[in-house]
Amino acid sequence: MSDDTESKLDFIRQIVADDIAAGTHGGRVQTRFPPEPNGYLHIGHAKSICLNFGIAKEFGGKCNLRFDDTNPQKEDVEYVESIQEDIRWLGFDWDELHFASDYFPQLYEWACDLIRKGLAYVDSQTTEEIRAGRGTATVPGTESPYRSRTVEENLDLFARMKAGEFEDGAHVLRAKVDMASPHLIMRDPLLYRIRHAHHHRTGDDWCIYPMYDYAHGQSDSLEEITHSICTLEFETHRPLYDWFIEQLGIFKSRQYEFARLNLTHCLMSKRKLLELVNAGVVDGWDDPRMPTICGFRRRGYTASSIRSFCKEIGVTRFNGLTDMVVLENSLRHELNQTAERRMAVLNPLKVVLTNYPEGQSELLDAVNNPEDESKGTRQVPFGRELYIERDDFLEDAPKKFFRLAPGREVRLRWGYFIRCDEVIKDADGNITELHCSYDPETKGGHAPDGRKVKGTIHWVSAEHAINTTVRLYDYLLAVENPADIPEGDNWRDALNPESLVELQDCKLEPSLKDAVPGEAIQFERLGYFVVDSKASSPEQPVFNRTVTLKDSWTKKSSQ
RNA sequence: UACCCCAUAGUGUAACGGUAGCACACCAGGUUUUGGUCCUGUUAGUCGAGGUUCGAAUCCUUGUGGGGUAACCA
């Protein structure tokens, strides 16, 4: 984050910089992050958060958190709380905390002003009639028969809407703009609807609730937001955003739009994510496969890797698709420097060192992080019986296979060279264990005679191993581009059936008993793992695989 | 077939009328007690057609392609 000033300004930061240079708003910069509390924040929101809070930080401005809570039927305090937690976890804090619902009285007054100016009216058509009257993209709308009600009548009706005299849907308040406008949004947009619903903050104070378009811009204006940054789908709302500000004669906030984040293999619709949660397809909003902030957190992602990812992808108006590997790489890049190394065998194959004394064991020194000498070393127990990865042995190995095979020698990481002498099988021909011999002269992994081995494999002492569960996560979505999923009820067919593979009886080196949730650990040669915050107990940690290490061998061998 | 927006290597992004760069991916080497990391190198791009200009990725026109907008959601 220290090289912010060196990087090129994206188009929004350029606008901010230009405004400061021109003295607009006296050089003041005020942004806001405006989530609706109807779901958990996801990685797409992280992009917006980094943008809004980042701009405030970089330009000496301020950024508010404002909940756009104008739809009581979908919103909940659970979301209000999780959103705040996630923003803080990402490393940001707001200057002021607001709720659009705090502005309901002011918004109501302004609506009355619009009525008095002849710019708003109560429409008593049904939903269907209103929709039909809006026309289509190519056909102009038709004016509502209620459009010419008098100011007095409108004022009276609107007051009675507020007073609760009418059923849901009986009336709405609409702006009087232009039913023939080529901008659909300007064809007398709705300002208020009647909803006899309990609001998570205002309780039963209101039974009329403002629509997004009417609430959002005015909330910006009330907070004197200088740069109101939102995603591209609100672009067509900008004429209306400006219209309200103009007609009301209030502080002129300006709206700027950028392209939302699309990630390969990631569902980014709150509605669909909610469906996954409700259907029990995933283990809650924080399931490690979810693209939510809390999901990534539980998965083992760091806040700083998400921040650097957001910086790397930039901010434009181009609607693209970012490859998930960019996010993965930003995490690998960080964790390579910071994560301590440990050894863990996920698919164990027993190895007996026939020439190692029975009942004996010893401690071997292992480097904690080759990228960071200050992390020091630890001691790993070694004995006659070990586990190695099944993938690290091949009975009929090709020449370029550097690992263990009959008659071949391999290095045990931080240990000895071993040679495979005998393959033991059960009645069905399955390999049950290997009998190997170790070379006592090669302790630590060096041969005094200078002979080389190409391969180094990880291992865990059978006697000392932690026996536990490890969860391997993969993309939740089998298809690469979420936009390719057809709309409809069958979209869940696009899910990856192997997004979670749970392995039992994994063998971990004993020092791993001290691992705590949130601490990233590299299992050597396998990937980065983290203790699951929910499934673990002090006696038995359960690990989540955050991301694999890059692997050029499986790629090469599968060709 | 209305209105608005967008188009630069495979992907994402720079170049503000003056040498088309960067990152990731890919491919090929090197180092290596992680087939990781790191280092070196290679491949690869301005959507098409006109116009303005000494000079266009950049400005204009137009075509093509992609996206958004027609919820009493945000």
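Per chain, numbering begins at 1; letters A, B, ... match sequence-line order.
A salt bridge does not link A:Glu75 with A:Arg201: every distance from a Lys NZ or Arg NE/NH1/NH2 to an Asp or Glu carboxylate oxygen is 4.0 Å or more. Electrostatic pairing of A:Asp178 and A:Arg187 does not count as a salt bridge here, judged by no charged N lying under 4.0 Å from a carboxylate O. Ion pairing of A:Glu487 with A:Lys272 is present here, as a side-chain N (NZ or NE/NH1/NH2) and a carboxylate O approach within less than 4.0 Å. Between A:Arg378 and A:Glu509, at least one side-chain nitrogen of the basic residue sits less than 4.0 Å from a carboxylate oxygen of the acidic one, meeting the salt-bridge criterion.
Spacing between atom CG of A:Asp10 and atom P of B:G12 amounts to 17 Å, rounded to whole angstrom units. Here B:C73 presents its P atom at 17 Å from NE2 of A:His216, a figure rounded to the nearest Å. Between A:Asn38 atom CG and B:A71 atom C1' the separation is 14 Å, expressed in whole Å. B:U69 atom P lies 14 Å from atom CZ of A:Arg134, rounded to whole Å. Going from atom NZ of A:Lys452 over to atom C1' of B:U31 covers 12 Å, rounded to whole Å. Across the protein-nucleic acid pair, A:Phe402 atom CZ and B:U32 atom C1' stand 12 Å apart, rounded to whole Å. With rounding to whole Å, A:Asn369 atom CG is found 17 Å from B:G36 atom P. Protein atom CZ of A:Arg332 is 12 Å distant from nucleotide atom C1' of B:A25, rounded to whole Å.
Nucleotide B:C26 has no partner under the Watson-Crick or G-U criteria, as no pair reaches both atom distances under 3.5 Å. Base-pair partner of B:U32: not found among the strands shown (Watson-Crick or G-U wobble, both distances under 3.5 Å). Partner assigned to B:U53 is none, using Watson-Crick or G-U wobble distances below 3.5 angstrom. A 3.5 Å limit on both hydrogen-bonding distances identifies no Watson-Crick or G-U partner for B:C72.
Counting any heavy atom pair closer than 4.0 Å across all strands shown, A:Glu257 reaches no nucleic acid atom. Base contact: A:Asn336 has a heavy atom under 4.0 Å from a base atom. Among the protein residues, A:Tyr528 comes within range of no part of the nucleic acid, since none of its heavy atoms lies under 4.0 Å from any strand. Here A:His446 lies in heavy-atom contact (under 4.0 Å) with a base. Using a 4.0 Å heavy-atom criterion, one finds that A:Ser552 contacts the sugar-phosphate atoms exclusively. Using a 4.0 Å heavy-atom cutoff across all strands shown, A:Thr70 reaches sugar-phosphate atoms only and no base atom. Note on A:Gln337: nothing from the nucleic acid sits closer than 4.0 angstrom, heavy atoms only. Base contact: A:Arg403 has a heavy atom under 4.0 Å from a base atom. Counting any heavy atom pair closer than 4.0 Å across all strands shown, A:Lys454 reaches no nucleic acid atom. Among the atoms of the strands shown, base atoms are found under 4.0 Å from some heavy atom of A:Gln125.
Contact between the side-chain N/O atoms of A:Thr554 and the OP1/OP2 oxygens of B:G35 is not found at any separation under 4.0 Å. Between A:Arg525 and B:G35 there is a side-chain N or O to OP1 or OP2 distance below 4.0 Å. The side chain of A:Arg193 places an N or O atom within less than 4.0 Å of a non-bridging phosphate oxygen (OP1 or OP2) of B:A74. The shortest distance between the side-chain N/O atoms of A:Lys550 and the OP1/OP2 oxygens of B:A25 is below 4.0 Å. A close approach under 4.0 Å does occur between a side-chain nitrogen or oxygen of A:Arg195 and OP1 or OP2 of B:C73.
Minimum heavy-atom separation, A:Pro35 to A:Leu65: CD-CD1, 3.8 Å.
Test A:Val351, A:Leu404, A:Ile457 against A:Phe393 for side-chain contact (heavy atoms from CB on, under 4.5 Å) and you get one pass: A:Leu404. Tested against A:His216, the residues A:Ser253, A:Ser221, A:Ser228 include a single side-chain contact (heavy atoms from CB on, under 4.5 Å) partner, A:Ser228.
Both the sub-6.0 Å distance and the 45° axial angle are satisfied by A:Lys507 relative to the ring of A:Tyr387. Under the 6.0 Å distance and 45° angle rule, A:Lys270 does not count as a cation-pi partner of A:Tyr40.
Comparing A:Asp213 and A:Gly135 by the nucleotide of RNA chain B that holds the closest heavy atom to each, the one mapping nearer the 5' end is A:Gly135. Ranked by how close their nearest RNA chain B nucleotide is to the 5' end, A:Thr322 and A:Gly415 are led by A:Thr322.
Between A:Tyr212 and A:Phe234, the ring centre distance stays below 6.0 Å. For A:Tyr528 and A:Phe523, the ring centers sit 6.0 Å or farther from each other. When ring centroids are compared, A:Tyr192 and A:Tyr214 come within the 6.0 Å threshold.
Nearest nucleotide to the A:Pro182 side chain, out of B:A71, B:G36, B:A2: B:A2.
RNA chain B lies under 4.0 Å from at least one heavy atom of each of the following residues of residues 312-321 of chain A: A:Glu312, A:Ile313, A:Thr316, A:Arg317, A:Phe318, A:Asn319, A:Gly320, A:Leu321. For RNA chain B, the residues of residues 231-239 of chain A within the heavy-atom distance limit of 4.0 Å (strictly under) are A:Glu233, A:Phe234, A:Glu235, A:Thr236, A:His237, sorted by number.
In terms of polar N and O atoms assigned as donor or acceptor, the side chain of A:Glu36 never comes within less than 3.5 Å of the base of B:C73 in a complementary pairing. Below the 3.5 angstrom threshold, one finds a donor paired with an acceptor across the side chain of A:Glu371 and the base of B:G36.
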Filtered N/O pairs between nucleotides 56-64 of chain B and protein, under 3.5 Å:
none

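Between the side chain of A:Glu389 and the backbone N or O of A:Leu346 there is at least one donor-acceptor pair closer than 3.5 Å.
Contact annotation: the side chain of A:Cys420 never approaches that of A:Arg408 to less than 4.5 Å [non-hydrogen atoms, C-beta and beyond].
Shown here is A:His333, whose NE2 atom has no more than 12 heavy atoms of other residues, nucleotides or ligands within 6.0 Å.
Judged by centroid separation below 5.5 Å and plane tilt below 30°, A:Tyr212 does not stack onto the base of B:A74.
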